[in-house]
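One structure is given below, encoded as structure tokens.
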Amino acid sequence: AQTVTQSQPEMSVQEAETVTLSCTYDTSENNYYLFWYKQPPSRQMILVIRQEAYKQQNATENRFSVNFQKAAKSFSLKISDSQLGDTAMYFCAFMRRGNMLTFGGGTRLMVKP
Amino acid sequence: GAVVSQHPSWVICKSGTSVKIECRSLDFQATTMFWYRQFPKQSLMLMATSNEGSKATYEQGVEKDKFLINHASLTLSTLTVTSAHPEDSSFYICSAKRLMSTDTQYFGPGTRLTVL
């Protein structure tokens, strides 16, 4: 069974600064996908970024980027130029190809003005 | 786009009654839909996987007779909480995967259920 661990229950960052959220996972699979989802106070789950394990290049989406270390089974999310609207719960998730998502426990991020 | 809707967004019911929650993919076809449950300040826990035209697959510990799932079309899955009790109060979220896609799930906005 796969497990996903987010070791930071809460984090805060000043507006316009950079923050990194940690995620580690455990799997014996070689082909899989990793995701970061954002859940703002509205509770709508929003896909932030996805990474395919067979791709060595780290995924980037505007201010969001990941540091994917496959050997270390680490998948951290970096948010640059943090904005107030980034305040939310962030969930790291793992998925084997064609299978279900396994979520981490979440990190609550507060962006301070 | 890939929009998933849920109805109702919130519901309050009396103990012992049944409640149906709908999950619709509005602009794409979804062969697979998933139902999650989320307690306050906790992560999402998968309840069941719903495939169009076949029986749902339930996760360990989830009572299939209590949480009835129907996936009758490529755009609609329903979750019925039967004989609801206060401990069933929770936030229920569905997600859907596109036909011919193997990865990204798109989530509905969730349904808050309160059982009195």
Side-chain angles (χ1 to χ4, degrees), chain A residues 1-11 21 23-25 29 31-55 59 61 66 68 75 87-110, chain B residues 1-10 21 23 25-26 28 30-51 56-62 69 90-114:
Chain A
Q2 289 75 32
T3 59
V4 179
T5 302
Q6 294 178 245
S7 60
Q8 307 149 314
E10 294 185 0
M11 293 194 71
L21 308 183
C23 174
T24 58
Y25 58 95
E29 302 288 330
N31 294 319
Y32 50 87
Y33 298 86
L34 294 163
F35 303 84
W36 278 97
Y37 281 92
K38 167 185 177 181
Q39 189 179 41
S42 67
R43 303 195 74 172
Q44 170 74 59
M45 294 288 284
I46 301 167
L47 176 65
V48 175
I49 201 165
R50 61 190 286 270
Q51 174 81 42
E52 295 155 3
Y54 65 87
K55 290 186 177 179
E61 287 288 341
V66 297
F68 174 47
F75 184 61
T87 293
M89 281 289 291
Y90 286 81
F91 292 100
C92 177
F94 170 99
M95 188 179 75
R96 284 188 298 149
R97 185 178 173 85
N99 212 309
M100 64 183 191
L101 281 170
T102 300
F103 286 92
T107 296
R108 184 175 302 277
L109 176 67
M110 173 71 72
Chain B
V3 181
V4 177
S5 71
Q6 279 184 243
H7 178 81
S9 56
W10 60 271
I21 302 170
C23 176
S25 55
L26 298 184
F28 66 98
T31 49
T32 305
M33 291 183 170
F34 302 85
W35 287 96
Y36 296 85
R37 187 172 180 175
Q38 186 180 30
F39 290 106
K41 298 186 178 181
Q42 293 189 23
S43 188
L44 282 72
M45 297 300 296
L46 180 67
M47 299 175 65
T49 302
S50 166
N51 290 297
T57 302
Y58 290 82
E59 294 301 301
Q60 191 173 7
V62 177
I69 292 173
S90 189
F91 194 67
Y92 293 88
I93 307 175
C94 74
S95 70
K97 285 170 56 175
R98 289 179 183 272
L99 186 64
M100 302 302 291
S101 170
T102 57
D103 49 50
T104 306
Q105 292 183 24
Y106 299 94
F107 285 80
T111 296
R112 180 176 300 283
L113 170 64
T114 302

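As the structure is a prediction and not an experimental result, all values here were calculated from the model.
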Notebook entry, point to check: Measuring heavy-atom distances to chain B, does A:Phe103 have an atom under 4.5 Å in its side chain, in its backbone, in both, or in neither?
Noted result: both

Notebook entry, point to check: Measuring from A:Tyr37:OH to B:Gln105:CD, what's the distance to the nearest 0.5 Å?
Noted result: 5.5 Å

Next item on the list: Considering only heavy atoms, give the residues of residues 44-51 of chain B separated from chain A by less than 4.5 Å, sorted numerically, with 'none' for an empty result.
Entry: B:Leu44, B:Leu46

Check: Shortest non-hydrogen contact from A:Met100 to B:Glu59?
Finding: SD-OE2, 3.9 Å

Note to self: Measuring from atom CD of A:Gln39 to atom CD1 of B:Ile93, what distance do you get when rounded to the nearest 0.5 angstrom?
What the structure shows: 5.0 Å

Check: With only heavy atoms counted, which part of B:Gln6 is less than 4.5 Å from chain A, the side chain, the backbone, both or neither?
Finding: neither

Item checked: Per-residue contact mode, A:Leu47 against chain B (heavy atom under 4.5 angstrom) -> side chain

Check: How long is the span from the OG1 atom in B:Thr104 to the CZ atom in A:Phe35, to the nearest 0.5 Å?
Finding: 4.5 Å

Note to self: Can you list everything that forms a ring-ring contact (aromatic ring centres under 6.0 Å, His included) with B:Tyr58? Sequence neighbours excluded, please.
What the structure shows: none

Margin query: Given heavy-atom pairs under 4.5 angstrom as the criterion, report whether the side chain, backbone, both or neither of A:Arg43 touches chain B.
Written below: both

Note to self: Treating A:Gln44 as the side-chain partner and B:Phe107 as the backbone partner, does any N or O pair qualify as donor plus acceptor under 3.5 Å?
What the structure shows: yes

Notebook entry, point to check: Which distance, rounded to the nearest 0.5 Å, do you find between the NZ of B:Lys97 and the CE of A:Met95?
Noted result: 5.0 Å

Item checked: chain A contact via B:Gln42 - which portion, at a heavy-atom distance below 4.5 Å -> backbone

Next item on the list: Give a yes or no answer on whether the side chain of B:Ser43 reaches the backbone of A:Gly104 with a donor-acceptor pair at less than 3.5 Å.
Entry: yes

